[in-house]
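FYI, the numbering just counts along the sequence from 1.
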Amino acid sequence: NLVFGNHAKESSLIRADGGKITVTGLLDVNTGKYNVGIISAGLANDTGTVVTGSGETILASGATLKVSGNNTNNAAAYVQDKGTFINEGHIQITGAGTNGVITNKNIEKGSIVNKGTIEKENNGAAVVLAGGDFSSTGSIITKNGSAGIFANKDVSGNEVVISGGGVTARNGGIAFYAGAVSGSSPTEGHITFKGSASSVTAATIENGGLMFYNDYTSANGAAGTGYGQFTISGPTTINVKSGGTVFGFKSAAPMSGDFTNYLTNTFGGSLSNLNIVMPTGGTGTGNLFVLDHATLDLTGIKSAVDTINSGSSLSITGDSRFALLTDSILNIDNNAVIGGAGSAYNLDDKDNLINQVSAVNSLVNITANTYINGTQNNQVLIKQVNRASQAQNAIAVTNAGNINMYGSGSVSLYSVYGDIKNTGIITTSNGAIGILGLNDTKIENALSGTMNVGNSGIGIAGLTYNGQDSAVLGY
């Protein structure tokens, strides 16, 4: 077992500039700064040419390489100049501001082959592409704000081949991140995927995980600036679990053009090689897009929903919604085409626009003269749940429209420690609930608000969780 001393800096535990080293024990990078567990490289002669016999290192099956500590810029492994690193063991990177394996080009390219497992959590990346090649028949797992595979420079000429267990992103993890660096010497990441057999899953996106991110920002239909790119050069399949998301970008005021421009500018026409498999058989719903801190008018994205869901080159199977909003404002509005008295939103139709956008930890407004109907059992139109330390009015729900819910167990407006205000009309029957508030939710049916309650319906219900106090709930 090899570990660093407390004051180690810019050092490595194992280095091969020639020959071959196999590690069968534990390497622990848990202190110091700019330290690396394993380095594989080659030696250059006086003319700057890398000599033959460059270094090869192997983390053997059963061996472990750990990287911990925050903001240290430490890494698990680094290769360049014909150096090769093969991981057959288990690499665990937990510290914020640390990275896993880095494949670089100095004079010549390095190469990393992952046959084992690489796990990364907190800020940083499991794999950093800096000019070298990378392939994986093992597993890469990312969560809690980290990336699976990252580049902030153009490495599109290098091979990235993913098969085997692929990349798994969950709980805030990003599978593939092509970043952009601003300033006097701006750079933009560009990652090319070689593709794999159609039976191979390149990535699995679990609840809270994201497939692609590239620092793309736009609003009001304008083209984005300062963003990375992806090229999918061969058949690539991703599996999206319930709550997982494929695409993420920033837009303060998204409209249809922002979504279509993002896809065109980010992927350059290569999306026809991407096969997206969403949940099936009632196992949940996946998201195509996620946006945070946005203000979205539902009618303003109808064109994008129609085009991307049915008219684009994307191959999508299973149950998906178009967009998930977080910490945002969703306005459920109407126009001459949809949402009015003669063209009400239909909760019973999974492809209806009302079912294509969901919002969490957000403000939701149903505007005047907007009509929404639902007849099936256990439908929920709006649900907002307070996260710890969030102000109640940060997830306020207001209705000035006309809601009709007739299914048993259905709820029109539902909030946990939030605000609900009705100035419109809510009609319920057959066991449906108009407004449901939990845990000290503030409910106001204003003077202009109307609650029509039919057979076995409930207009307003207020409940609390038994046995859970504020210390448990976080508010």
Side-chain angles (χ1 to χ4, degrees), residues 16 20-24 27 37-38 40 54-67 75-79 82-93 99-104 109-120 125-143 146-151 155-170 173-177 191-206 209 211-212 230-241 273-275 277:
K20 177 179 177 180
I21 300 176
T22 299
V23 178
T24 60
L27 301 182
I38 293 174
S40 294
S54 296
E56 177 180 320
T57 53
I58 300 173
L59 187 70
S61 176
T64 301
L65 172 51
K66 295 182 178 180
V67 181
Y78 176 91
V79 300
K82 297 183 179 179
T84 300
F85 170 62
I86 300 172
N87 173 44
E88 298 174 350
H90 192 178
I91 301 175
Q92 299 173 294
I93 316 103
N99 292 304
V101 298
I102 304 170
T103 175
N104 189 31
K109 295 189 297 184
S111 177
I112 293 177
V113 178
N114 176 45
K115 299 179 181 179
T117 300
I118 305 175
E119 292 186 83
K120 176 69 177 99
V127 179
V128 177
L129 306 177
D133 293 332
F134 177 80
S135 66
S136 177
T137 57
S139 299
I140 302 168
I141 301 169
T142 176
K143 60 183 178 180
S146 64
I149 296 179
F150 170 81
V155 292
S156 57
N158 305 119
E159 287 193 351
V160 179
V161 182
I162 307 295
S163 58
V167 180
T168 299
R170 61 170 69 108
I174 302 170
F176 302 104
Y177 187 168
I191 301 173
T192 294
F193 302 94
K194 187 176 180 180
S196 56
S198 59
S199 59
V200 175
T201 299
T204 299
I205 312 303
E206 298 181 358
M211 177 68 182
F212 295 109
F230 302 98
T231 298
I232 305 172
S233 63
T236 301
T237 297
I238 63 171
N239 187 7
V240 183
K241 302 294 187 180
N273 288 317
L274 183 63
N275 179 34
V277 181

For this session: Kindly indicate, with the supporting measurements, whether the criterion side chain to side chain donor-acceptor pair (under 3.5 Å) is fulfilled by S40 and T57.
Result: CA-CA 6 Å; S40 294; T57 53; 2.5 Å; yes
Exercise. Between I140 and K120, does a side chain to side chain contact (heavy atoms under 4.5 Å, CB included) hold up when you go through it step by step?
Worked result: CA-CA 8 Å; I140 302 168; K120 176 69 177 99; over 6 Å; no
Problem set entry | CA sep, side-chain torsions, deciding dist, call: Y177, I191, side chain to side chain contact (heavy atoms under 4.5 Å, CB included) | CA-CA 9 Å; Y177 187 168; I191 301 173; over 6 Å; no
For this session: Apply side chain to side chain contact (heavy atoms under 4.5 Å, CB included) to V127 and I112, showing your working.
Result: CA-CA 9 Å; V127 179; I112 293 177; 5.9 Å; no
For this session: Would you please test I162 and F134 for side chain to side chain contact (heavy atoms under 4.5 Å, CB included) and show each step?
Result: CA-CA 9 Å; I162 307 295; F134 177 80; 4.0 Å; yes
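In this structure, CD on E88 lies 8.5 Å from CG on L59, to the nearest 0.5 angstrom. One distance of note links CD1 of I118 with NE2 of H90; it measures 9.5 Å at 0.5 Å rounding. With values rounded to the nearest 0.5 angstrom, R170 atom CZ is found 10.5 Å from I205 atom CD1. Distance check, rounded to the nearest 0.5 Å: OG1 of T204 to CG of N239 gives 5.0 Å. How far OG1 of T142 is from CZ of F150: 12.0 Å, rounded to the nearest 0.5 Å. The distance from the NZ atom of K115 to the CD1 atom of I58 is 8.0 Å, given to the nearest 0.5 Å.
Applying the side chain to side chain contact (heavy atoms under 4.5 Å, CB included) rule to K109 yields the partners K105, D133, N158; only residues at least two apart in sequence or on another chain are considered. Judged as a ring-ring contact (aromatic ring centres under 6.0 Å, His included), and not counting sequence neighbours, the contacts of F230 are F212, F267. Checked against side chain to side chain contact (heavy atoms under 4.5 Å, CB included), T84 has the following partners two or more places apart in sequence or in another chain: E56, I86, S111.
In this structure the side chain of K143 never reaches within 4.5 angstrom of the side chain of E119, judged on heavy atoms. The closest side-chain heavy-atom distance from I93 to N99 is not below 4.5 Å. Looking at heavy atoms from C-beta onward, V240 lies out of side-chain contact with M211 at the 4.5 angstrom threshold. V160 is not listed as a side-chain neighbour of T192, based on a closest heavy-atom distance of 4.5 Å or more.
Nearest heavy-atom pair, G110 versus T103, reported as atom, atom and distance to 0.1 Å: O-OG1, 3.3 Å. Closest approach of S233 and F193 over heavy atoms only: OG-O, 2.6 Å. Closest non-hydrogen pair, A175 versus A169, comes out as N-CB, 3.8 Å. Between S163 and T137 the shortest heavy-atom distance is OG-CG2, 3.5 Å. Closest approach of A60 and T22 over heavy atoms only: CB-CG2, 4.0 Å. Contact detail for N104 and A130: the closest heavy-atom pair is OD1-O, 2.8 Å.
Between the S146 side chain and the A125 main chain, no donor and acceptor come within less than 3.5 Å of each other. Distance alone, capped at 3.5 Å, is enough to place a donor-acceptor pair between the T236 side chain and the G234 backbone.
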